[in-house]
A.B. asks: 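Please read through the structure below; I'll follow up with questions.
As a basis for the values below, the full set of heavy atoms in this structure was taken, side chains included, without hydrogen atoms, waters or symmetry mates.
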Amino acid sequence: MNRTVFGESVVGASHVIQKAKCQDAIRLTTIDDCEIIAVADGHGSKSCPYSSSGSIMAVNTFTYLMKRLY
């Protein structure tokens, strides 16, 4: 079975206006015939300066655990 999996994180209009970086994360992983897709939405506010790191940690941890369970 052929399939195409893709994803993209796009900076929203308010982030562009405020010159804030995107705090979202996405990770796509394939194991054998299984696709693992992880998405984390950052807080998107200046009061949460580590939200970007948290989003990355969340998708990495999720895919790691799903690989182990698989």
A.B. asks: Provide the closest heavy-atom pair for Lys21 versus His15 in the form atom of the first, atom of the second, distance.
C.D. replies: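 Minimum heavy-atom contact is O-CD2, 3.3 Å.
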A.B. asks: May I ask you to decide if Gln23's main-chain N or O and Ser55's side chain share a donor-acceptor pair within less than 3.5 Å?
C.D. replies: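 Judged by distance alone, yes, a pair lies under 3.5 Å.
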A.B. asks: Between Ser51 and Gly42, what is the shortest heavy-atom contact and its length?
C.D. replies: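 Between these two residues, the closest heavy atoms are OG-CA, 3.1 Å.
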A.B. asks: Taking atom CD1 of Ile26 and atom CD1 of Ile37, what is their separation to the nearest 0.5 Å?
C.D. replies: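 If I round to the nearest 0.5 Å, the distance is 7.5 Å.
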A.B. asks: CG/Leu69 to CE/Met66 distance, rounded to the nearest 0.5 angstrom?
C.D. replies: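 So the gap between those two atoms works out to 4.5 Å.
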A.B. asks: Between Ser52 and Cys22, what is the shortest heavy-atom contact and its length?
C.D. replies: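 Ser52 and Cys22 have their closest heavy atoms at OG-O, 4.1 Å.
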A.B. asks: Can you tell me which residue pairs pass the salt bridge (charged side-chain N to carboxylate O under 4.0 Å, His left out) test with a partner in residues 31-42, sequence neighbours excluded?
C.D. replies: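 Every pair satisfying salt bridge (charged side-chain N to carboxylate O under 4.0 Å, His left out) with a residue in residues 31-42: Arg3-Glu35.
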A.B. asks: Please confirm whether the backbone N or O of Asn60 pairs with a side-chain atom of Thr63, one donor and one acceptor, at under 3.5 Å?
C.D. replies: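 Yes, because the side chain of Thr63 sits within donor-acceptor range (under 3.5 Å) of the backbone of Asn60.
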A.B. asks: Look up atom CD1 in Ile56 and atom CG in Asp24, then write down how far apart they are to the nearest 0.5 Å.
C.D. replies: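 With rounding to 0.5 Å, CD1 (Ile56) is 10.5 Å from CG (Asp24).
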